[in-house]
Amino acid sequence: MDASRRAAHRCTQLTHEYSLFAPGDATSPRVCRDFVRAVLFTHDREHLVMPAALCTSELVTNVHLHTKGTAMLRIRLTPARCRVSVFDESPDPPVVAYPAGGVVACWGRGLALVEETADLWGVAEERAGRFAKGVWFELGVQGGPRQGRRDRGGGHGTEAGQRWVSG
């Protein structure tokens, strides 16, 4: 939507926060992805819809596959960026798996896709109620890799070929 069609009452200088709790079942990735899309369309951030939907889907799918219980999705929109956090009840840190050269993996590529798509991503250092950890990503970051910078920052090595990022 072009700026001339924007609602006159919508202030573009405010910070907006939204939360959604999703059950630990196979419908959660779609519900969360659609929620993020609706929020971004509502705030005229169409250019962020596709990468945000992909990253949200990957993070919520990880909660569904690797943990038990509810996922909490939190969206924070500022005039400069969109931050989406997905909290779960597992204290285990996420691991980014990189397949060996030339190998096409069917599973385990989710965090690598988030790393490649998002401007920044990491693991929240704070807890959110009963949720033990939150994995987040940001889009629209000035100077982020989608605008030419490739530094992801804060990486901590684990096993060979794998790493996770803390933030």
Is there a side-chain contact between Leu111 and Glu58 in this structure, where contact means two heavy atoms from C-beta onward sitting under 4.5 Å apart? no
Rounded to the nearest 0.5 angstrom, the NE2-OH distance for His43 and Tyr18 is 2.5 Å
Please round to the nearest 0.5 Å and tell me the distance separating atom CH2 of Trp121 and atom CZ of Phe137. 12.0 Å
Gap between atom SG of Cys82 and atom NE2 of His16 - 0.5 Å precision: 12.0 Å
Got a donor-acceptor contact below 3.5 angstrom from the Ser57 side chain to the Ala53 backbone? no
When Val84, Val86, Leu54 are each screened for side-chain contact (heavy atoms from CB on, under 4.5 Å) with Leu59, the one that passes is Val86
Start with the C-alpha gap between Val31 and Leu20, add the side-chain angles, then the distance that decides, and say whether side chain to side chain contact (heavy atoms under 4.5 Å, CB included) holds. CA-CA 9 Å; Val31 169; Leu20 175 73; 4.0 Å; yes
Side chain to side chain contact (heavy atoms under 4.5 Å, CB included) for Thr78 and Arg76? Distances and angles first, verdict last. CA-CA 7 Å; Thr78 67; Arg76 180 180 171 89; 4.3 Å; yes
With hydrophobic residues grouped by side-chain heavy-atom distances under 4.5 Å, do Val60 and Phe87 end up in a single group? no
For the residue pair Pro94 and Val135, what are the closest heavy atoms and their distance? CG-CG2, 3.9 Å
Take Val39 and Leu77 through the side chain to side chain contact (heavy atoms under 4.5 Å, CB included) test and state the conclusion after the steps. CA-CA 9 Å; Val39 167; Leu77 284 174; 3.7 Å; yes
Please tell me whether Arg33 and Thr56 have a donor and an acceptor in their side chains that are separated by less than 3.5 angstrom. no
For Ala22 and Cys32, work out which heavy atoms get closest and say how close. CB-SG, 3.7 Å
Residues that Val49 engages under side-chain contact (heavy atoms from CB on, under 4.5 Å), provided they are two or more places apart: Arg37, Leu40, Phe41
Can you check side chain to side chain contact (heavy atoms under 4.5 Å, CB included) on Thr27 and Arg30, steps first, answer last? CA-CA 6 Å; Thr27 64; Arg30 180 179 179 156; 5.9 Å; no
Which value, rounded to the nearest 0.5 Å, describes the distance between Ser19 atom OG and Ile75 atom CD1? 8.0 Å
For residues Gly140 and Asp119, report the shortest heavy-atom separation together with the two atoms involved. N-OD2, 2.7 Å
Side chains of Ser90 and Lys133: does their closest heavy-atom pair fall under 4.5 Å? yes
Would you mind writing out the side-chain donor-acceptor pairs for residues 64-73 within the sub-3.5 Å range, not counting sequence neighbours?
residue: His64; atom: ND1; partner: Asp25; partner atom: O; Å: 3.4
residue: Thr67; atom: OG1; partner: Val63; partner atom: O; Å: 2.7
residue: Thr70; atom: OG1; partner: Arg130; partner atom: NH2; Å: 3.3

